[in-house]
Amino acid sequence: MHIVSVELEDIKRYEKASYTFALGTNAISGPNGAGKSTILEAIGYALFDTLPYKKEDFLRKGAKTGTVRVTFESSLDGRSYTIVRNTRATYYVYDPQTKTKLAEQKADVLSWLRLHLGVEPDTDLEELFRTAIGVPQGTFTAIFAETAVRRKAVFDRVLRVEEYRKSSDALKDTYAHLNAQVTEVDMKLAGFHGQLLRLPELERQREQLALQLGDATRKLQGSKNEHALWKSRLAETDAMLERMQAEENRLKLVTAQHEASSKEVETLAARVEEARKASEEAAKAAPDHQAFQEAEAALKCLSEDRAKRDAITGRQAEAMREHAALSAEIQSLEAQLKLLDAERQEFETLSPKVAEQEALERELRELERQANEAAELETALGRLESEIATRREQLASLDQELAALEALRPEAERVGAIASDLDAATKRQSEVQEILQAQKEGEQRLAMLRESLAKDQKQHDEVAQLIAKKAQQKELAAQEPEIREKGQALSDQVARLEGALERDRKAQADFKGNACPILGVSCPVLEGQSAEEYFAAQVAEREREITELKHQRDALRKRYAEAKAAEREVAGLSELERQRDAFAASLKATEVQVREVEMKRQVRLEPSELDKASAEVKRLAESLSKAQAAALRLESRERLAKQKESLAAETASRVAEKDAALKRVEELAGVKPLRLEREKRLADLGDPRSRHGAIAKNLERRPALEAQQRERRAREEEIQERLKGLLEELAPYADLDARWTRETKAKEQAEPGYRSFLTLSAKAGELPAREASLAEAQTRLDALIDELKKVNRELDAARLAYRQEDHQALKARVEAHAAEVIRIEQNVLFLETQTATTEKEIAELRRIQVELAETLQERERLAGLAAFVEFARLTLKEAGPFITEAYLLNISLEADRLFRDITGNHHVHLRWNSDYEILLEEDGRERPFASLSGGEQMAAALSVRLALLKEMSAIDIAFFDEPTTNMDENRRQNLAFSIGELKGFTQLVVISHDDTFEQWTDHVVRVGGVLTQS
Amino acid sequence: MLKFLHLGDIHLGNNQYQNDDRMRDFFYALHAVIRRYAIAEKVDFVLVAGDLFDRRNIEPRVLTQATLIFKELRDAGIPVYAIEGNHDRSGPHDGVSWLRYLSDWDWFHLLEPEHDEDGRMTLQPWDGRRGGYIEHGGVRIIGSKWYGSSTASVIGPLSEAIAALPPCPAQILLFHAGLEGYIDSYSGGLSHHQMLPLKEAGITYLALGHIHKRYEEGGWIYNPGSTESCNVAEFAEERGAYLVEVDPETGAHQARHIHHSKFGAQRPFQRLRFDVTPHSTPEAVLAALDGELAASREAFDDRPVVELTLTGVLGFKRHELELPRVEALVHKHLEPLLARIRYDAVPAEYAVAPGVSVGTDRKQLEREIMRDLVSRDARYGPEAERFSQILISLKSRALAGDPAADIAEFVAQSFAQPSAAPVVEA
């Protein structure tokens, strides 16, 4: 797989940044602290669930959420996927091609990632990342230099060495679980066995019961038989009793039936009679009935005829109506035509009047126009007059102004002169100022000079004094060497004397009693004296001399000191003289300057001059400004003159307009009366034109009206024909009404008879039926009588047969037997129940036997499972070291190959042993990690880490975070070259702040040093 | 009736073993099948179900190879409809892939659906430059892209997009994906059941690619296999192309598989294994190998690719056996086009479980060692494979912290299964 791009939002330094990566070697370069490692951390965060610090520290300062988007090409299927994770809880896998989310929630995302990164499902992604992918700066080789214990701790976890032991331990529970199950089963088995002990006992019981049951059953059978016998006899007697009772009931029943039947017969006979009567009556009413029906039939025919006649009458009425309408129309048309004739005459008379009317109207229009014109002119006149008046006023004021302005002319013309005067005055003023200023400065300078003069003089005098003083000292100083010598001589003397004194004192001490310490005899020198005296005198003498000399020496020393001091003083003498001379020169110069200045002072100017000059300037300035103002105003004169001209022109034109208007108004004076007269005439005419027009229209209608008239007449004739025909049609129906009335009357008369016939014949019709019923009823009655007789006979017979006392005795007997039977039955039942219970128990036990067999099998099975689990446990434990070692071997071989690639040295072999120690073998010698050079260590550690990565995953990309830390140029180059030489990785990413890698890389990702920039 | 040729996994530009002759083999194979079964049979069109090229960035001569083939097809008036595969699709940084380039210049039609922001897919008709489907003589051919591990989740949207098209009785879908069950090492395949929505949406012929071995299923799913072997293992498998007749009115079709040997231009492969364990010195190994290779020579139509795997336990250091000398022996006796030597033998001090080869991944290591250990036990030895797999499953369950009862249940179930079908854990 390889990384395609990393996008960061609000992460650490980055507000929003996006980096793309290419295949091959990528270098992430930028200055320290630019955020290069952040990119690696982001990859760790998104793909490996690794964050080396708290979320808050990962966010950009001030941001609430940060988001990382890493797009990579999967090694599983070669497609690109984007992993999105933010610091809230969003975490999902996005397929940019199908634009769908493939996994959400951390657990799903991580298992999806494991699949696509090609690692095993239970791999600790974080550990893998930390150990093999995103190794932090500077710790690359660290782990390999640690103790075996530390190494084991780290790599055991990465390689999941412990998992075999762990799983083996975990399986203990399963083994225990299965064992527990086996124990349970054993307990069950024990239970079964216990239960099965009862079986023989139960079987014996069963046999016994069987015998007993046989006996009882036989007994029961016998008793039952006897009982049955007696019971049947009892039943017979019961039957007899029943029969008797039945017959008695039947008797009652039949008697009742007989009564009912008799009644029925009576009723039916009466009804038959009724019907007969009705039949007779009906015969009487028959003729009326006939008559009614005939009348009805006739009426029916008549009504049809009536309908037809009514139709004809209707048509007739309609035709007559039409005829009437037409007549009316024809009359009106004739009237209209007459009217039209009259109107024609009128028409002729109106024509000339119409012409007149039109002429008048034309005239009036013209007059109106003129009147309007006159009115307009009036208004115009008013306007013009007012305009003229205003303009004249304006002209007057303008004239005034112009006059005023003209007066200013002379002044204005003076501007130039004044200006030049002003310039001159100003110049003078400034000159005066300068001069005054110079004067002041001069005074100041003079004062200064005088001061310095005084100072210099003072200094000069001082120095002179000093020099005088020092001159005195000179003499003294000259004596110095002499004094020194003297002093030295004195000192020598003193020293000699002191030496002698010392000797004398010593001798004094040595000498004892006048004997010479050396020779031991008395000393010839000491004649006449004792040694003590001698030495004492010597010593005293010496001491006196010394003291004297010391005094001299001291005095001399004092003088010497003075002389020395004087010398020192004198030393500075020449310097002082020089100074004094300098001061004198300076004094001279200053005096010269002072004289100069004093000369200049002769010519003086008073300050009042300045005031004068200033006043002059001011005055001139004022008059200049006045003159300028006048000039300005004068300029406006031109403008005003022009204005006046135009105004005058305007006024003149308006005046002309006004005159013209006035003239016109006069001309139009006579319009109004004329207009009035014409209007009256028009009114008198009374608008003949409209009437004329209306008549014309009417006249146009004449032909149409005539046509209508013709048409109507024709129709009228036609209708008259029609009416004639209708009359003929009506003829046959002339007597219809009379017949109708006749028949109706006949019907009315026959109606009552008709009605009664109907009711009676109905009743009469029922006669046969009623007679039939009667006959039936009679038959039934007869039958009942017979039956009654029969029942009585049978009853008597039954009564004979039955005797009550015998019946009772039988009953008692039977009961006794029944009780006996029951008792025996109960016994049998009891025995049967017992037998059944015993059978059931036996069956149960048999079932338990079967279950026992099955349970044994089950126990076998469980035991087998437990055995297998135990076997598995042991095997896993055993396998662990084997597998790990084989795995380690693979990694070691791969690391070996990588190492040779990186270093380019094919004579050396790298081995990563089971202690996780790196050993290099060369020429038969094995060198431990600690003894390797820095470069070798780096290369070795690199090889092992990359080999690990390759073996454990399908992640064939490698990251190097600042791998050149603490390396010199040469080694850096070597490492860069080696990394470039690595085969078998689709993508390498090197983070470095130095640009060693840029020449070996295929693609550079630059990370800026500016905050929040990508 | 229409006739078409269905191919896939051509892998032009596969510079196998960095050998130019070998790379040309791929071109010759494609050329042969096109000549014999597209042009000679006068098919109406040709389908390429992905992986036309072996890689994303091809060399210019590979482009020439492709152009030559397509020119012949164009001259014969036979259009080609193709889709991308996982090998020749554009990458995240690339704008336009070579497939897109060839399609834009009218050498074939690259069919691709579109995806919108909701994850829905739409199929646009071919507009002369782009499109998700095209119709030829009443038959509709629909394309797709490579979806990798997202393939299962894409079936739904794809079926909906197909169902949204106007109805057509004969619809062919080109799809670069694999069905499970045909290759042991291929995880992520789909089941037939998972493909059914496509059939329900109206697909009558599913033209697959991606798996290099031929298979078909259900009477509507066809995978022709690759046109040349892309690795040594493939050589023994059945591969080739499908020549299909289809009725545009009904969608009924008759597919005839053409075995790759009929292409007439397949490079022979020879795989040999040699155990070094009996020989204690490099010279002894070489001498024995000499004899072995002399006896292994076979007669082929063309120079073969030979793969020799050295296995076993070495009695000396690994580097003492000089591989160039081994290779020289191979060349001497077998005269291959090229030889590949796999050096899997392990020095003695490293040999943990004999027979465990170097370079196997951890899973396989685990399996082999477990099997080894289990086979030593009298009770479980006879079915070592089965029991060792159960053991491995037990381990992962125990590590995952499954409760004891569940693990016990699992063991019980595994034992209850008949021996012939051991419980296989993922």
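Reminder, nothing fancy here: chain letters follow the sequence lines and each chain counts from 1.
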Legend entry - Any side-chain heavy-atom pair of A:T100 and B:S150 under 4.5 Å: no

With a 4.5 angstrom heavy-atom cut-off, which part of [X] approaches chain A: side chain, backbone, both or neither?
{"X": "B:V154", "result": "side chain"}
{"X": "B:Y380", "result": "side chain"}
{"X": "B:D116", "result": "backbone"}
{"X": "B:S153", "result": "side chain"}

Quick one: does [X]'s side chain have a donor or acceptor within less than 3.5 Å of a partner on [Y]'s backbone?
{"X": "A:R861", "Y": "B:A416", "result": "no"}
{"X": "B:W146", "Y": "A:D77", "result": "yes"}
{"X": "A:K99", "Y": "B:H115", "result": "yes"}

Reported [atom1]-to-[atom2] distance for the pair [X] and [Y], which is rounded to 0.5 angstrom:
{"X": "B:I369", "Y": "A:E878", "atom1": "CD1", "atom2": "CD", "value": "11.0 Å"}
{"X": "A:L171", "Y": "B:K395", "atom1": "CG", "atom2": "NZ", "value": "11.0 Å"}
{"X": "A:W112", "Y": "B:S149", "atom1": "CH2", "atom2": "OG", "value": "5.5 Å"}
{"X": "A:T98", "Y": "B:L158", "atom1": "OG1", "atom2": "CG", "value": "11.5 Å"}
{"X": "A:I883", "Y": "B:M370", "atom1": "CD1", "atom2": "CE", "value": "4.0 Å"}
{"X": "A:T875", "Y": "B:L394", "atom1": "OG1", "atom2": "CG", "value": "10.5 Å"}

Under 4.5 Å from any heavy atom of chain B - which part of [X]:
{"X": "A:D95", "answer": "side chain"}
{"X": "A:F72", "answer": "neither"}
{"X": "A:A867", "answer": "both"}
{"X": "A:F868", "answer": "both"}
{"X": "A:Q97", "answer": "both"}

Inset, instruction - Inspect the surroundings of CZ in A:R925 and state if more than 12 heavy atoms from other residues, nucleotides or ligands are less than 6.0 Å away. - result: no

Legend entry - Interface residue of largest heavy-atom contact number with chain B, from A:L865, A:L862, A:L876, A:D173, under 4.5 Å: A:L865

Legend entry - Residue, of B:E114, B:E366, B:H87, that accumulates the most heavy atom pairs under 4.5 Å with chain A: B:E366

Inset, instruction - Between chain A and each of B:A404, B:P157, B:P113, B:P403, count heavy-atom pairs under 4.5 Å; write down the option with the most. - result: B:A404

Inset, instruction - Mind listing the closest non-hydrogen atom pair of B:A398 and A:S167 along with its distance? - result: CB-O, 3.8 Å

Inset, instruction - Of all the heavy-atom pairs spanning B:L373 and A:A879, show the shortest one and how long it is. - result: CD1-CB, 3.4 Å

Legend entry - Basic-acidic side-chain contact under 4.0 Å: A:E870, B:R379: no

Legend entry - Verdict with reasoning, B:F387 to A:F871, per ring-ring contact (aromatic ring centres under 6.0 Å, His included): CA-CA 11 Å; B:F387 285 113; A:F871 169 74; 8.4 Å; no

Inset, instruction - Evaluate salt bridge (charged side-chain N to carboxylate O under 4.0 Å, His left out) for B:E84 paired with A:R79, printing each intermediate quantity in order. - result: CA-CA 12 Å; B:E84 67 176 19; A:R79 295 178 76 235; over 6 Å; no

